[in-house]
Amino acid sequence: MKLVYTHQNGILVGSVKALLEQASIKVEMKNEYASGAVGELSAIDSWPEIWVSNLDEERAKIIVARLQDNTPREEWVCAACSESNDAAFEVCWQCQAFPPIAP
Ligand SMILES: [Zn+2]
């Protein structure tokens with residue numbers, strides 16, 4: 001088995017899992033329920049993880065890379081509320097809107 005994705009945000013990990021399964025890749029999750037309560041950001045070794053078989057590793061990595069292409073690398077301005085967000089935020093900190101997709 002190979003680890004192809006991990007993130008402290010279990011919702012993101014869940015959507016990656018769904019994408020991989022859509023591509024007929026068999027996925028195994030570890031630490032799915034390990035993340036601590038809000039405000040208690042856990043160490044990286046207890047983030048939820050997505051594992052796939054060695055055979056599916058290449059395909060899975062391509063899918064994950066494509067997904068991460070859509071996440072902003074620079075500070076971005078929310079289209080919904082005009083708040084500026086740090087590049088690390090996957091959604092607007094104020095209104096939870098998604099960032100504009102890069103052209
Ligand atoms: Zn916003």
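Predicted model, so just to flag it, every value in this text is computed and none were measured.
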Engineer: Got E90 and L12 here, is their nearest side-chain heavy-atom distance under 4.5 Å?
Structural biologist: yes

Engineer: Under 3.5 Å, side chain of W47 to main-chain N/O of E32, donor-acceptor pair present?
Structural biologist: no

Engineer: Using side-chain heavy atoms (C-beta onward) and a distance below 4.5 Å, is I63 in contact with I25?
Structural biologist: yes

Engineer: Between I50 and V13, which heavy-atom pair has the shortest distance, and what is it?
Structural biologist: CD1-O, 3.2 Å

Engineer: Name all pairs fulfilling the salt bridge (Lys or Arg N to Asp or Glu O under 4.0 Å) condition that reach into residues 21-30, sequence neighbours left out, sorted by first residue then second.
Structural biologist: K17-E21

Engineer: State yes or no: do V91 and W76 share one hydrophobic cluster built from I, L, V, M, F, W and Y residues joined by side-chain heavy-atom distances below 4.5 Å, directly or via other members?
Structural biologist: no

Engineer: Taking C-beta and beyond as the side chain, do C78 and P99 meet within less than 4.5 Å on heavy atoms?
Structural biologist: no

Engineer: Ignoring hydrogens and angles, tell me if any N or O in the side chain of T6 forms a donor-acceptor pair with the backbone of P48 under 3.5 Å.
Structural biologist: yes

Engineer: Quick check for you: to the nearest 0.5 Å, what is the distance between E75 atom CD and D86 atom CG?
Structural biologist: 6.5 Å

Engineer: Tell me whether R59 contacts the main-chain N or O of L20 through its side chain, where contact means a donor paired with an acceptor under 3.5 Å.
Structural biologist: no

Engineer: Other hydrophobic cluster members with W51, side-chain heavy atoms of Ile/Leu/Val/Met/Phe/Trp/Tyr under 4.5 Å, chained?
Structural biologist: M1, L3

Engineer: Just by modelled atom types, is the W93 backbone N or O under 3.5 Å from a matching donor or acceptor in the N85 side chain?
Structural biologist: yes

Engineer: Working to the nearest 0.5 Å, report the span between CZ of F98 and CZ of F89.
Structural biologist: 15.0 Å

Engineer: Would you please name every residue forming a side-chain hydrogen bond (donor to acceptor under 3.5 Å, both in side chains) with K61, sequence neighbours left out?
Structural biologist: E57

Engineer: Walk me through it: do H7 and E49 pass the test side chain to side chain donor-acceptor pair (under 3.5 Å)?
Structural biologist: CA-CA 7 Å; H7 197 284; E49 296 174 344; over 6 Å; no

